[in-house]
Amino acid sequence: MSSDMERFIIVVVINTLVAAGYLIWNRVQNKERPLSYISKGMVMILCPVLGVLYVFLGYIIYRCFFFQGVDLEDVIFKKDRVKTFTHADEERGRTVVSMEEALAVTDKDNLRTLMLNVVRGDIRESLASISLALNSEDSETSHYAASVLQDALNDFRTTVQKCYNEIQKREENQEEYIRILIDYMDQVLRQQVFTDMEQRSFVEQMDSVCELLYWKHPDQVTSRHFQAVSMRLLEIQDFDRCRIWCERAAEHYPDTLATYTCQLKLFFSIGDRERFFEVLSQLRNSKVVIDNETLELIRVFQQ
């Protein structure tokens, strides 16, 4: 074998070892782009000397001319809360009306569009408005409203029954299920979209789970729960049960506006002026801030 051939073989072997080392090193480093270093390794193997020079010169050129450090001068890592202000959509505000007004004046095409926009969101808060569309002169609108309302109420019935059954057989985390059920039922029942008989049945069921929570976990009954069950009982004119919950609220949350409001509404409904003004006097002497709804209730009763 000639000396030229020996030198050629040595160069090929060294080049192959360098290329293999390059591939193994990148593999050990777990590079995210294997195709990149594999293609470079193949160039080094298939093109001895020139392949190595190509990769090396490419790296040098990149570092010298294209690589730039990250400029963090304008980046702020503070945790200060930043308030952003969004301007009101005045054009949309001029075109938004209540469902009651829309049903009274809107033409058929716009009314159907309105119904579609309502049902696209969470309709549990809009059931009372949807029920108004049942009496629409447009048969398609009333039919669509009836279909949507029926589906929503059926879902409510099914969910309530499942949660109620789960509460009856569960001991662990029972109070959590009860609180979720109370909030869920109140969101729908306060809109009064059921028949009188079915509304009464659901309110009594809500009262029973509240009673269970009160006796087993009294510390888990919030002022909102007292208010919810009191108001729903007041709506079905179960004044005795409503009075019990109002008294409990006064015992556990004496300095809460909802406690005074529930009592005032109860005594207003049954016409007990003496107890009404007694509670009103307590409210005035307390540090509780009175809202507009309570002020209006007081004005009406004093007339």
Side-chain angles (χ1 to χ4, degrees), residues 121-128 152-194 198-270 275 278-280 282-283 285-291 293-294 297:
D122 186 0
I123 64 173
R124 285 182 299 177
E125 291 285 357
S126 308
L127 296 178
L153 297 185
N154 286 337
D155 290 341
F156 175 81
R157 297 182 184 101
T158 302
T159 303
V160 169
Q161 189 60 44
K162 287 181 179 179
C163 290
Y164 187 78
N165 293 338
E166 187 69 22
I167 290 171
Q168 297 302 316
K169 65 181 181 180
R170 174 180 288 271
E171 288 296 333
E172 184 180 359
N173 296 329
Q174 186 185 55
E175 69 279 7
E176 186 66 24
Y177 277 80
I178 295 177
R179 288 186 299 172
I180 293 174
L181 180 59
I182 294 172
D183 293 337
Y184 177 75
M185 294 184 72
D186 182 63
Q187 184 182 28
V188 176
L189 293 179
R190 68 188 176 200
Q191 301 182 63
Q192 301 186 53
V193 291
F194 292 99
E198 195 169 15
Q199 179 81 7
R200 174 175 291 274
S201 176
F202 278 124
V203 172
E204 291 174 350
Q205 192 173 15
M206 180 179 175
D207 174 54
S208 67
V209 294
C210 282
E211 189 76 18
L212 179 62
L213 181 64
Y214 180 78
W215 289 112
K216 283 194 171 184
H217 310 279
D219 58 314
Q220 297 294 320
V221 186
T222 65
S223 176
R224 186 181 72 253
H225 296 145
F226 281 115
Q227 182 184 26
V229 67
S230 298
M231 291 298 94
R232 302 296 78 78
L233 288 168
L234 184 61
E235 290 168 354
I236 65 171
Q237 298 184 0
D238 191 342
F239 301 125
D240 293 336
R241 291 294 302 169
C242 180
R243 183 189 293 268
I244 291 174
W245 283 106
C246 287
E247 292 174 353
R248 291 172 176 174
E251 178 184 353
H252 292 275
Y253 298 95
D255 297 323
T256 304
L257 178 61
T259 298
Y260 290 104
T261 303
C262 290
Q263 295 183 82
L264 291 173
K265 289 182 178 180
L266 171 63
F267 298 133
F268 177 85
S269 299
I270 62 179
R275 292 286 291 127
E278 181 182 338
V279 174
L280 180 58
Q282 295 173 3
L283 176 58
N285 295 329
S286 69
K287 297 181 180 180
V288 177
V289 179
I290 304 177
D291 61 4
E293 181 185 2
T294 306
L297 177 66

Q: Indicate the atoms forming the closest heavy-atom contact of Leu280 with Leu264, along with that distance.
A: N-CD2, 4.0 Å
Q.
To the closest 0.5 Å, what do you measure between CG (Leu189) and CD (Glu235)?
A. 8.5 Å
Q: If the plane angle is over 60° it's perpendicular, under 30° parallel, otherwise tilted; pick one for His252 and Phe226.
A: parallel
**Q.** pair Arg200-Phe194: side-chain heavy atoms closer than 4.5 Å
**A.** no
(Q) Test side-chain contact (heavy atoms from CB on, under 4.5 Å) on Met206 and Tyr164; report intermediate values, then the result. (A) CA-CA 10 Å; Met206 180 179 175; Tyr164 187 78; over 6 Å; no
Q: Without swapping roles, check the side chain of Arg232 against the backbone of Asp186 for a donor-acceptor pair under 3.5 Å.
A: no
(Q) Are the side chains of Gln174 and Leu213 in contact, using a 4.5 Å heavy-atom criterion? (A) no
Q) Where do Tyr260 and Ser286 come nearest, in terms of heavy atoms and distance? A) OH-CB, 3.9 Å
Q. So do the side chains of Leu233 and Asp207 get within less than 4.5 Å of each other, counting heavy atoms only?
A. yes
Q) Do Lys287 and Asp255 meet the salt-bridge criterion of a basic N to acidic O distance under 4.0 Å? A) no
Q: Could you walk me through whether Met231 and Arg190 pass the side-chain contact (heavy atoms from CB on, under 4.5 Å) test, one step at a time?
A: CA-CA 8 Å; Met231 291 298 94; Arg190 68 188 176 200; over 6 Å; no
Q) Measuring from Gln282:CD to Gln263:CD, what's the distance to the nearest 0.5 Å? A) 7.0 Å
**Q.** Shortest non-hydrogen contact between Trp245 and Ser230, atoms and distance
**A.** CB-OG, 3.3 Å
Q. Is there side-chain contact between Asp219 and His217, with at least one heavy-atom pair below 4.5 Å?
A. yes
Q.
Side chains of Gln161 and Asn165 only: does a donor on one sit below 3.5 Å from an acceptor on the other?
A. yes
(Q) Suppose we screen for salt bridge (Lys or Arg N to Asp or Glu O under 4.0 Å). Which residues come up paired with Glu166, at least two apart in sequence or across chains? (A) Lys169, Arg170
Q: First locate atom CZ of Arg248, then atom SG of Cys262, and finally report the distance between them rounded to the nearest 0.5 Å.
A: 14.0 Å
Q: Any chance you could lay out the side-chain contact (heavy atoms from CB on, under 4.5 Å) test for Val203 and Asp238, step after step, and finish with the verdict?
A: CA-CA 10 Å; Val203 172; Asp238 191 342; over 6 Å; no
(Q) How close do Val221 and Tyr214 get, counting heavy atoms only, and between which atoms? (A) CG2-CA, 3.8 Å
Q. Minimum heavy-atom separation for Ile236 to Gln199, with atom names?
A. CG2-CG, 4.2 Å
Q.
Before you tell me yes or no, could you show the steps for Ile182 and Val209 under side-chain contact (heavy atoms from CB on, under 4.5 Å), namely the whole-Å CA-CA distance, both residues' side-chain angles and the distance that decides it to 0.1 Å?
A. CA-CA 8 Å; Ile182 294 172; Val209 294; 4.1 Å; yes
Q.
As an exercise, state the distance from CD1 of Ile167 to CG of Leu212, rounded to the nearest 0.5 Å.
A. 7.5 Å
(Q) Counting C-beta onward and ignoring hydrogens, is there a side-chain heavy-atom pair between Gln187 and Asp183 closer than 4.5 Å? (A) no
Q: Compare all side-chain heavy atoms of Lys216 with those of Glu175 and state whether any distance is below 4.5 angstrom.
A: no
Q) How far apart are the closest heavy atoms of Leu181 and Cys163, and which atoms are they? A) CD1-CB, 3.8 Å
Q.
Strictly below 4.0 Å, N to O, side chains only: are Glu278 and Arg275 in salt-bridge contact?
A. yes
